[in-house]
*Asks:* 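Please read through the structure below; I'll follow up with questions.
Computed over heavy atoms, backbone and side chain alike; hydrogens, waters and symmetry mates excluded. Below, chain A is the first sequence line, B the second, and so on; all start at residue 1.
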Protein chains: 2
Amino acid sequence: MVDPHTSAIIDGWLERLQDNGCRRTAPRQAVVEVVASSEYVLNPFEVFEQARQHYPGLGLVTVYRTIEKLEEIGLLQRVHRPSGCQGFVAAFRGHQHLLICQDCGRVEMFGGDIEKMDGLVAEVEKDSGYHIQEHWLQLFGTCSECQRGVNP
Amino acid sequence: MVDPHTSAIIDGWLERLQDNGCRRTAPRQAVVEVVASSEYVLNPFEVFEQARQHYPGLGLVTVYRTIEKLEEIGLLQRVHRPSGCQGFVAAFRGHQHLLICQDCGRVEMFGGDIEKMDGLVAEVEKDSGYHIQEHWLQLFGTCSECQRGVNP
DNA sequence: TTTTATGCAAAGTATTTGCACGGGA
DNA sequence: TCCCGTGCAAATACTTTGCATAAAA
């Protein structure tokens, strides 16, 4: 049901939680099982619904608390979209360079030459006098599956 | 108290509201006076507080309703930040290419060569198979005034 | 045994809606 | 006059907190 690769990821996340002073518990594991492997943006309630299938006694509050912790550790990141900002995805290495499907919520990190970005940031920093600490680059569109009408 | 240039902008916004089926009223004007000329991100309550100085009887609900209308028309845009997504600024022409001070909330549009962005978008579109409809690029930093400790 | 985690219920926040009155056109 | 706009109060949605119990280390 859960492939070995996914299971290793989940275990890694639980270990990271332990390293940060959290205990390994069934409710947390249920939440991690959902968010660590999903390639879609999920809001707390969606995580709750899915994780409850792994651990029926789960409370929504525990989902909120676990998400908070995972975000703090850097394993989850919040995704801001025109339609709202309650969603989360597994954090990608590096910055918020996200490609998001507005139909199904699938999220990908995009490649392409990102060096251009660094050049642009440096340029704006010089022109504006700002000291830039962070940047977000997000592309919104329709993934190929949704273009073909595959997803519901 | 209000310079002619600013006053013309406010009048333009009120006209745009009228073109969109809204009446010209004192409460709306008070809201527009605040948001049309501010270079800072303001949340609904901040707009309320400031606009109340122009029109003391103003209700918070009217602020929400006016902001909603202005966003719909495209005169205001919501600003998403690590610290929250309740803020608005006067909409800049074109896309969300924002340079935001994390200390004082000042927002600027940035120049620099944005063509790079268009190239990057086209590249990602080709590589990913997505049909990209929109993109957000936001830089977060500290403006020169805040670096010098000018703002409170 | 000691301390953290959990779920429930309650409390906060932020935003939206219902409604009777008042003011624009 | 007619109808939209307004403020108030209430309702709703989302998230956080307090607390007694349960479970991990």
Side-chain angles (χ1 to χ4, degrees), chain A residues 11 13-35 41-73 76 78-88, chain B residues 10-11 13-35 41-73 76-88:
Chain A
D11 226 63
W13 283 44
L14 291 170
E15 219 162 276
R16 285 286 302 277
L17 281 168
Q18 284 191 300
D19 295 344
N20 283 271
C22 295
R23 290 172 176 175
R24 187 182 281 245
T25 68
R28 270 184 192 144
Q29 174 154 354
V31 171
V32 169
E33 279 172 358
V34 171
V35 294
V41 179
L42 298 175
N43 66 37
F45 191 77
E46 290 167 336
V47 172
F48 173 62
E49 288 181 308
Q50 295 187 26
R52 221 167 12 168
Q53 295 174 6
H54 300 284
Y55 183 81
L58 183 66
L60 179 57
V61 178
T62 296
V63 174
Y64 273 100
R65 287 192 275 229
T66 304
I67 286 176
E68 183 184 29
K69 196 74 191 175
L70 291 170
E71 193 187 7
E72 195 183 308
I73 297 177
L76 272 188
R78 186 179 291 269
V79 177
H80 301 262
R81 290 180 290 180
S83 58
C85 306
Q86 301 73 41
F88 292 85
Chain B
I10 292 166
D11 225 63
W13 284 43
L14 291 170
E15 218 162 277
R16 286 285 302 278
L17 281 168
Q18 283 190 301
D19 294 344
N20 283 271
C22 295
R23 291 174 177 175
R24 186 182 281 245
T25 68
R28 270 181 193 147
Q29 172 154 355
V31 171
V32 169
E33 279 172 0
V34 170
V35 295
V41 180
L42 298 175
N43 66 38
F45 191 77
E46 290 166 336
V47 172
F48 173 61
E49 287 181 308
Q50 294 187 27
R52 225 174 1 175
Q53 294 173 8
H54 300 285
Y55 183 81
L58 184 66
L60 179 56
V61 178
T62 297
V63 174
Y64 274 100
R65 287 192 274 229
T66 304
I67 286 176
E68 184 183 28
K69 195 74 192 177
L70 291 171
E71 194 186 8
E72 196 183 307
I73 297 177
L76 272 188
Q77 73 176 227
R78 188 180 290 269
V79 177
H80 301 262
R81 291 180 290 180
S83 59
C85 308
Q86 300 73 43
F88 292 84

*Asks:* D/dT16 P sits how many Å from A/Lys69 NZ, rounded?
*Replies:* 15 Å
*Asks:* Would you mind reporting whether A/Arg28 and A/Val31 have side-chain heavy atoms less than 4.5 Å apart?
*Replies:* no
*Asks:* To the side chain of A/Thr25, which of C/dT15, C/dA5, C/dA25 is closest?
*Replies:*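 Of all the options, the side chain of A/Thr25 is nearest to C/dA5.
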*Asks:* From CD of A/Glu46 over to P of D/dT15, roughly how many Å is that when rounded to an integer?
*Replies:* 11 Å
*Asks:* For B/Gln18 and B/Val61, take the nucleotide of DNA chain C holding the closest heavy atom to each; which residue's nucleotide lies nearer the 5' end?
*Replies:* B/Val61
*Asks:* Is a salt bridge present between A/Arg65 and A/Glu68, judged by a nitrogen-to-oxygen distance below 4.0 Å?
*Replies:*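 Not counted as a salt bridge, because no side-chain N and carboxylate O are separated by less than 4.0 Å.
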*Asks:* Can you check side chain to side chain contact (heavy atoms under 4.5 Å, CB included) on B/Asp11 and B/Arg24, steps first, answer last?
*Replies:* CA-CA 10 Å; B/Asp11 225 63; B/Arg24 186 182 281 245; 3.4 Å; yes
*Asks:* When you measure only distances, ignoring hydrogens and angles, does the side chain of A/Arg65 come within 3.5 Å of the base of C/dT6 through a donor and an acceptor?
*Replies:*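 Side chain to base: no pair below 3.5 Å.
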*Asks:* At under 4.0 Å, does any side-chain N or O of B/Tyr64 touch on OP1 or OP2 of C/dT15?
*Replies:* yes
*Asks:* Do the charged groups of B/Arg52 and B/Glu49 touch, with an N to O distance under 4.0 Å?
*Replies:* no
*Asks:* May I ask you to verify if any side-chain N or O of A/Arg28 is less than 4.0 angstrom from the OP1 or OP2 atom of C/dA5?
*Replies:* yes
*Asks:* Between D/dC4 atom P and B/Leu14 atom CG, what is the distance in whole Å?
*Replies:*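 Atom-to-atom, B/Leu14 to D/dC4, this comes out as 19 Å.
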*Asks:* Taking CD1 from A/Ile67 and C1' from D/dC14, how many angstroms apart are they, rounded to a whole number?
*Replies:*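 To the nearest whole Å, that distance equals 13 Å.
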*Asks:* Send over the distance from A/Leu58 CG to C/dT6 P, rounded to a whole Å.
*Replies:*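 Roughly 9 Å, once rounded to whole Å.
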*Asks:* Could you check how far CD of A/Gln29 sits from C1' of D/dA24, rounded to whole Å?
*Replies:*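 That distance rounds to 14 Å.
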*Asks:* A/Glu68 CD to D/dC14 C1': how many Å, rounded?
*Replies:*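 About 14 Å, once rounded to whole Å.
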*Asks:* What nucleotide, of D/dT6, C/dT6, C/dG24, holds the atom closest to the side chain of B/Arg23?
*Replies:* C/dG24
*Asks:* Given atom OH of B/Tyr55 and atom P of C/dG23, what is their separation to the nearest angstrom?
*Replies:*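 The answer, rounded to whole Å, is 8 Å.
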*Asks:* When you look at B/Glu33 and B/Gln29, which way does the side-chain hydrogen bond (donor to acceptor under 3.5 Å, both in side chains) test go after all the steps?
*Replies:* CA-CA 6 Å; B/Glu33 279 172 0; B/Gln29 172 154 355; 3.2 Å; yes
